[in-house]
Amino acid sequence: MAKLEQVGHSRLRKEGRAKVTGAAIYTDDATMPGLLHGATVRSQVARGRIKGIHFGEGIPWEDFVIVSAKDVPGENRVAMIVLDQPFLADTRVNHPEEAILLLAHADRVLLEKARAAVTVEIEEEPAVFTIEASLAAATVVWGEDNVFKKVSIRKGEVDAAWASATHVVEGTYGTGAQEQLYIEPHAVIAKVTAEEGVTVWGSLQCPYYVHKALKHLFNEPDDRIRVIQMETGGGFGGKEDYPSLISGHAALLSMKAGGRPVKILYDREEDMVATTKRHPSKTRVKTAFDADGKMLGLEMEFLLDGGAYVTLSPVVLSRGAIHAAGPYYWPAVAIEAKALATNCPPHGAFRGFGAPQSLFAIERHLDVAAARIGMDPVELRRKNLLRIGDVMATGQVVKEAVDLPGIMDRALEKLDYHGRKARYAGSNAGTDPIKRGVGFAVFMHGCGFTGGGEAYLASVAGVEGTADGKVRVLAASTEIGQGTNTMFSQVVAEVLRVPMDLVEVQQPDTKLVPNSGPTVASRTCMVVGKLVQDAAVGLKQIIIQAGLLREPYTADEFQAAVAAYVAAFGSLKAYSQYSTPPHIVWSDETYQGDAYGTYAWACYAADVAVDTRTCEVAVTDFVALQEVGRVINPTLAEGQIEGGVAQGIGYALWEKVEWRNGRMANAQMTNYIMATSADLPRLRVYFEENPNPMGPSGAKGIGELPMDGPGPAILNAIQDALGTDAPREIPLTPELLMDCLEARHV
Amino acid sequence: MSEKMALKLQVNGAERTVQAWPMARLLDVIREDLGLTGTKEGCGEGECGACSVFLNGKLVNSCLVPAVQCNGAKLETIEGVSPTSTDGAQLHPVQEAFLRCGGAQCGICTPGMVLAAVDLLKRCPDPDEEQVRDGLSGNLCRCTGYVKIIDSVLAAAKSASPDGAKAVAK
Amino acid sequence: MKGDAPACAVHTPATLGEALAFLAAHPDWRPLAGGTDLMVPFAAGRLPDFNFLNLDPLHELRGIELTNEHLTLGALTTYSEIRWHEGIRAAFPNLVQSAWVTGAAAIQNRGTIGGNLVNASPAADTPPSLLAYGAEVELRSTAGSRWVDYDAFHLGYKQTALASGELLTRIRVKRPVPGAFHFYRKVGTRKAQAIAKVCLAGYGRAENGRVAEFRAAFGAVAPVPKRALAAEALVLGRSAAEVDPDAVRAALAEDITPIDDIRSSAKYRRFVSERLFASMLKDFFAHLG
């Protein structure tokens, strides 16, 4: 690979200084003259018909701004995929945290008293809280059959596989809801005036999603809606779709308040009970193998609990279904996937977006199958891992040079998998109540939206020259901690061969930046980064063609040329728009074709210690090895993987949402258990580079990948430690592991 | 029903008096009355540590301290860790290490984490990794998996030692 | 923040005498120490009280006194003061351990041992260690002072032996015999910043190969922090060979009454309690040699 000046170097985080000094301004750090605070009155009932709203005594209601569904000027539906979720319920409610009424007041203490003084009378109706109950459809809570979306993926004749198989192994696997738990709760400020239209400042991932939602809500043209992203304290998918709802709420209050700005800030409990979580899943797997362990056929039923409204469930389902077969060559595949309605708050985006659920099922199942067949799980996988030229479940042909057996072997070597496995087999036979084991998972993660999705988005990003000769990146892609600002700057500085400090990144503001699409799906670096790179090349060509610059040039010459161009012509902007490369062909109707332009590939391996007295599992070592194209910034990239693995370990072992009639009962950081620094080992991250022509300087997406591997790797290690294949659900809390030990399968 | 009290504080070295309800949270006094928004609220129940500050030299969760118990106290917030830090001139060695080692991602836990690290290094100037993991266990970070935060603290400890000035740069 | 700060009144006495006099006149005012327990429900708008007696400035309630016979802790002694006290570390490892696992540094700097006992959470971390050490607590009012066995302090869920107008002022523990056995283990929701699912503390010593003193106490498996009296009785006075593990297990089943809640299940708490107790006994007899 060519030696690059910026790419591949750990440049300092662009906004890092502001963050370590506390100077960075997050939404709740901002205030405005005349600011009111907003609060939301919620249903508290899972399903029913609204009979009336009563305002209690002792509150000066005339001093409050009060908004209900009848105040909505445009469409009372959040514009997403299907227009089914209201901003404010008017006749009926479908989950316990549904917004019914909004209040605003300058005095936050009084506001809380007022919120408590409103009672909503609801006639309760039967509700559905589980995947099983939704599928049975004895009670229909959405559409005709509770099914939001179905996806079928077919390859070959799977029924023929059962007859010819030596081994048929079946299993059922489950994953729980998971809270994103960004440390900054949801916050937004809105100001709505007749002169300027609707302006929103918020903690959010996707400015143009909010823009679209507000457009429909207020029935206003594009240029009367403005969305500005503030510094954002983590998102992980949790600030993908929900900000549309909360921005709408704040904007409705501001409109009713005659243009006074309104801030809505959720406290931790409201954030946890009311906003989205990862979709719970149930997956039934049936697999056929020949006598040597060669895979013959895969049948899967993949079910997601979507919550009360469609929101993003169809796309989460899609990604889950496409990843469900894992990185293996299956001659025959039949995957049936469904996203189902329940009366929980809608489940939404969370890092991985369906893939962690289905990859957990297949990667956990392969260790169950290996034990049943009597094969080493490494050798079972080795016989079946995808190789160049192989055809995946959707018919996609593997064209990139991927070395999955090598990735697997190198990850296992880093962990000393074989050595430890042998040693633990000996030590576990003794009386020590601590049992140890090793396990791993091999997986891939599709970068960006599906082929069809990126074509639909047709994203645009740009760069502009500034009066002082710098280059400013124009994109709606947000910095939410993952390093967007720094990555864009490195990509632009590299292609223009100028220092990093000549590159700025415009704060995302829909008035100033084009729609580069949502900040999701591991697409910001690979897809938008490439657009920014191309736009920077375009900008350079403009000044060259204007005769202000000649190759080769120094940074000073470049800066002077940009400044001269801006002085002469007023502005210097260049844009680039995504168009699908001709070799990517995908059909959303048949689910056939090139699902993703490219994939990141990985093998993660875990070493665990299980205390059989308490059923507590400690992850004592963890290796995350991945092929990610090209690493733009090693420190940032490692940080992405380490953070994702930590979330994945929590997903596997501790992060359990306790549901009570569709409502999260443990909505406090004390009782929803994410890892502290004392709970994790030193996570070991390794990158392999294989530059990918689609991304800037060969980069792929990495944001979601680390979420996929820890769950199956850890449970496979627990199987190794305890000699039972019973653990098949995550989070595998000590309470659940205790039950598994009582009912050993092996 | 009570009355607001005149709350005297020495804030990052400067004498300040604000009017506060006795049971107001120190966190709200800092953010709203003193206008120092570097101190963050992540949970409001002493679990996440984003609101950490030094009160009379001791690390506390400012969301759990009522104003009435702060009168006459010495308060240090993230804005006071390095007197010239906000104008960009100079960072505290811990801040410098967080910047260089990738200890900050989304940044919302960072002010509290930096103060917890400063506190740890006061008690334990040359910690090993386990001591850092224990010392920071009251500050939750959702972005990093703690690896680079721990590296930052270890690097800061080295930079403060006579021969470790360059270690921060990793 | 849902706590109604403007509605709250706070009285800050200058001396303990003044505090007791005020409490005698206003027995329904709630004492406020380090705030780490009270501020949580207050800020969530879940505390029914609006009147607080601020004990924070009372120097009479601070201080650690360690003599050859006793350790005496002022009620406002913080977890940090306990955790980092060299003398306590050497003589009372369980107490140090229990302070160490209560929250993390910032909580330990504010939270007080007296507050922990009076808050009376069954899942608190320090009570089992104090029960195992056979602590006593001093309760004071304007009528005077009385020392009560800590074992008799917790009467029921969030119910204590504090009479109207009384404050818990000091905690006293006998210095353990050198070479005695100390055991403390918290099984929490995670390794730090955790609430206990089960907590077990033990203290014992032997004479002539038989157990001469033995106390074991649990947290989070009953409405109160609780001694395992029935199980203790089957260990006291016996040698290792004379202890019947099945009988101990059966006795333990009577000693504890765990429940299902959002943090764990009754079944799991029984499972762990049984195994931790057995593990502790194994260590105990190994320690005795």
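Every chain is numbered from 1, with letters handed out A, B, ... down the list of sequences.
At distances below 3.5 Å, at least one donor-acceptor pair connects side-chain atoms of Q95(B) with backbone N or O atoms of V20(A). Side chain of R268(A) to backbone of G44(B): no donor-acceptor contact under 3.5 angstrom is found. Distance alone, capped at 3.5 Å, is enough to place a donor-acceptor pair between the R13(A) side chain and the A104(B) backbone. Looking at E47(B), its side chain never comes within 3.5 Å of a backbone N or O of Q668(A) through a donor-acceptor pair.
Heavy atoms closer than 4.5 Å to chain B are found in the backbone of T232(A), but not in its side chain. For a residue to count as touching a neighbouring chain, one of its non-hydrogen atoms must lie under 4.5 Å from one of that chain's; by this rule I183(A) touches chain B with backbone and side chain alike. For R11(A), no part lies near chain B; criterion is any non-hydrogen pair under 4.5 Å. Using a 4.5 Å cut-off between heavy atoms, A24(A) touches chain B through its backbone atoms (N, CA, C, O) alone. Interface remark: E130(B) contributes no atoms to any contact with chain A (heavy atom separation under 4.5 Å). Heavy atoms closer than 4.5 Å to chain A are found in both the backbone and the side chain of Q105(B). In this structure, chain B has heavy atoms under 4.5 Å from both the backbone and the side chain of D29(A). Only the backbone of T144(B) comes within less than 4.5 Å of a heavy atom of chain A; no side-chain atom from C-beta onward does. Proximity to chain B (any heavy atom under 4.5 Å) is shown, for D271(A), by neither the backbone nor the side chain. Neither the backbone nor the side chain of I641(A) comes within less than 4.5 Å of any heavy atom of chain B.
No side-chain heavy atom of T31(A) sits under 4.5 Å from any side-chain heavy atom of E32(B). D267(A) is not listed as a side-chain neighbour of E41(B), based on a closest heavy-atom distance of 4.5 Å or more. Side chains of K40(B) and E184(A) form no contact here, defined as non-hydrogen atoms less than 4.5 Å apart.
Across A646(A), G643(A), G235(A), the residue that shares the most heavy-atom pairs under 4.5 angstrom with chain B is G643(A). Contact tally against chain A (heavy-atom pairs below 4.5 Å) for G107(B), G103(B), G38(B): the top residue is G107(B). Between chain A and the options G102(B), P111(B), S137(B), the largest number of non-hydrogen pairs under 4.5 Å is found for S137(B).
C143(B) approaches F236(A) most closely through the heavy-atom pair SG-CZ, 3.7 Å. When all heavy atoms of I480(A) and C106(B) are compared, the pair lying nearest together is O-CB, 3.5 Å.
The distance from the CD atom of E269(A) to the SG atom of C43(B) is 12.0 Å, given to the nearest 0.5 Å.
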